[in-house]
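Chain letters run A, B, ... following the sequence lines, proteins first, then strands; residues in each count from 1.
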Amino acid sequence: MSDDHTSEEIQAEALLRQAAAKGLGSRPGARLVAITLWASFLGAIPMLLTWLLLLPEEYAATLGLAELSFGFFMCWLAAAAPAAIAALLTQAGSPAVPLPPEAPNEHLH
Amino acid sequence: MSTSTKPPATEKPGLLYESSAKIQSRRAQGRYARLRVLAMLLLLGFYYLAPWIQIGDTPLVWLDLPHRRFHVFTLTLAPQDLIFLTWLLLIAALTLFFFTTLGGRLWCGYACPQTVWTEAFIWMEHLAEGDRYARIKLDRAPWGAEKILRRGAKHLLWAGFALFTGLSFVAYFVPARELFPEFFALQLSGWPLFWTLFYGFATWGNAGVMREQVCKYMCPYARFQSAMFDKDTLVISYDQKRGEPRKSVAKLGGLPAGDCVDCSLCVQVCPTGIDIRKGLQYECIACAACVDACNSVMDSVHKPRGLIRYTSAHEEAGQKFRLLRPRVIGYGLIWAALCVGFVVAILLRTPVQFDVIRDRHSLYRELDDGAIENLYTLKVSNETSAAHRFKLSVSSPDGRRFLAVPDSLLVGRGEAQALTVSVRSQASDDEHEEEGLHGIHSLKFSLVAEDDPKLQRERSASFIAGEAHD
Ligand code: SF4
Ligand code: SF4
């Protein structure tokens, strides 16, 4: 095992910093898009199922993969609106999100 | 138990803390890593094989969306069975809640598709590019034949696996035995091809590129599952009392060192990039990679294992771990009741749905032979795994005779049919009786499968035969 423990400690801290800043961690815009796409995708699945199960038999008879795919994209689009609003309102800096209390030694950094 | 995670002496720290260096997590090896691999093999094995397994001539799992039939383990669910689907979803949610209360983030660590596919992608990366140190070296190396070959091999493996995953996903909706031959004959087109590429791309993006970021920033379950935790829920935790002051801190302060040798292996193996020594964090997916890593370090420094381990808040505070507690018993009872109820309901359910609707557009018609005719729409859905010919008969409680035309119909497995049927009053031997056919009569429609009389349903409907006579 390396004796240079300070270096190990620095290495661990560097790994943590990099992990925190990696990808979406340092890109709030991309994070917003990713969250919206994923949340609305999850919402679109039960929406599609509900639509499919409640559809009267006479309309369902003409269903194919093309209609279903179109239906799914409509559901996704419909779910994207509330998902985007929720993601926007919970972004740091939004008036809906109170600022975190300042740490006692924050001014030192 | 043998673990093969080597202490970092064999590895040069290099310039890892340079901001330009890409993070390469180390693969942990040990008891929990083997458990994760086992879970991955079982779950992915099921995912890829299920569309190929047939029971009779129906796949084990086939979500036939255009026909609105869900074939799951010999069970065929139709829109009328919405209640069963809801019930299944409730059971799935309760299973998750129950096991989360009991064992913490077991789902995240071992069974979530994100974890399972990421594990498979990391395994392929390891195969093509080598271990962590080799990957760091490859990252820093200029582009040359080896780098192109290794990177190319990794992306080829990923792309092939992602494509196979996408095809297998579509095989849950389009039978695999039709889909795969079409794909290999380069005849797959339209929406099946689109969804294959879409799902394949999503798998590649989520498991190959995004990885832990999905858990950290996008997964809603990660955020609300702590609501199911109590002080006896299993969590992964670092034993502060035993580990601190860690070796480097002790050395600086001239204190006797705790058991943590500050090797940072627990940080290097962590797929979400956290330091468990700083306490429990929501990013921790409880994969136990740090447990394996730290155990191997403890073995090499001849200290007892378990500096990082599965524990509970109560156990950490020196109290006894309680397996049975009110919340677990509550979830467990509801879960068991839902499961038993579901099985009973499925056993009691008739897999033939039958409905009779009188034609709203015509009241009745008098035929040339004097018989009265009413029209009905019959809806029959056969949710069994075989086609059946059904015999239709119509009777009246007052003994009058009626004839249904047609009086039999063939319904394929998993099929629903809507059929217009004419019901006619039969000429009676009794003159007075025939004359008396007026007003509204109640009819009983009986449907029986010719090859299986247990499959039968009855419905009532009205028969209109003109104005009632006083
Ligand atoms: S801290 Fe959590 S996520 Fe990281 S390695 Fe340990 S168990 Fe896995
Ligand atoms: S907790 Fe274990 S693995 Fe982590 S730094 Fe300390 S000794 Fe190494």
Side-chain angles (χ1 to χ4, degrees), chain A residues 1-25 27-28 30-39 41-43 46 48-73 83 86-87, chain B residues 7-9 11-13 16-19 21-23 25 65-68 78-82 85 89 173-174 190-192 194-195 209-214 216-220 246-249 251-252 261-264 266-268 270 272-275 277-278 283 297 300-301 379 416 418:
Chain A
M1 199 152 301
S2 171
D3 267 332
D4 187 4
H5 298 298
T6 317
S7 144
E8 302 288 7
E9 186 71 359
I10 293 171
Q11 183 174 310
E13 283 304 322
L15 271 173
L16 295 178
R17 266 200 311 278
Q18 284 185 343
K22 186 182 161 195
L24 299 181
R27 295 179 182 86
R31 202 162 56 221
L32 183 83
V33 173
I35 292 171
T36 304
L37 283 177
W38 182 234
F41 181 84
L42 290 180
L48 179 83
L49 275 180
T50 311
W51 170 69
L52 202 61
L53 294 175
L54 297 182
L55 199 67
E57 193 69 49
E58 49 269 36
Y59 297 112
T62 55
L63 271 185
L65 211 54
E67 289 78 11
L68 279 166
S69 303
F70 180 73
F72 181 75
F73 282 117
Chain B
E11 193 178 285
K12 299 182 193 84
L16 258 179
Y17 39 87
E18 272 185 357
S19 58
K22 193 179 156 209
I23 310 167
S25 63
L65 291 186
H67 295 105
R68 306 195 300 168
Q80 303 89 302
D81 300 315
L82 185 62
L85 275 180
L89 287 179
F173 303 92
V174 177
W191 287 104
F194 169 82
W195 285 113
V209 182
M210 302 279 285
R211 294 191 180 170
E212 80 289 347
Q213 295 183 62
V214 175
K216 278 167 83 170
Y217 304 114
M218 290 157 67
C219 178
R246 60 190 74 166
K247 198 165 175 181
S248 60
V249 176
K251 204 168 155 189
L252 285 176
V261 296
D262 227 353
C263 62
S264 86
C266 50
V267 182
Q268 292 177 34
C270 179
T272 63
I274 58 169
D275 185 348
R277 295 172 300 172
K278 293 183 175 171
E283 290 99 331
V297 176
S300 68
V301 296
K379 290 183 175 179

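- B/E283 does not touch chain A: none of its heavy atoms, backbone or side chain, sits under 4.5 Å away.
- For the pair B/M210/A/L24, a side-chain contact is recorded, criterion being any heavy-atom separation below 4.5 Å from C-beta on.
- The CG atom of A/L15 sits 12.5 Å away from the CD1 atom of B/I274 when rounded to the nearest 0.5 Å.
- When heavy atoms are compared at a cutoff of 4.5 Å, A/L65 approaches chain B by way of both its backbone and its side chain.
- Heavy-atom minimum distance, A/L48 versus B/L65: CD2-CD1, 4.5 Å.
- Residues satisfying the side-chain hydrogen bond (donor to acceptor under 3.5 Å, both in side chains) criterion with B/W195, sequence neighbours excluded, are A/S69.
- A salt bridge does not link B/R277 with A/E13: none of the charged nitrogens is closer than 4.0 Å to a carboxylate oxygen.
- The two residues B/P220 and A/W38 have their closest heavy-atom pair at CD-NE1, 4.4 Å.
- Take A/P28 and apply the side chain to side chain contact (heavy atoms under 4.5 Å, CB included) test, not counting sequence neighbours, and it matches A/R31, A/Q91.
- Proximity to chain A is limited to the side chain of B/F194, based on heavy atoms less than 4.5 angstrom apart.
- Only the side chain of A/L49 comes within less than 4.5 Å of a heavy atom in chain B; its backbone stays farther off.
- Annotation: A/F70, atom CZ; neighbour count of heavy atoms from other residues, nucleotides and ligands within 6.0 Å does not exceed 12.
- With a 4.5 Å cut-off on non-hydrogen atoms, B/L89 does not touch chain A at all.
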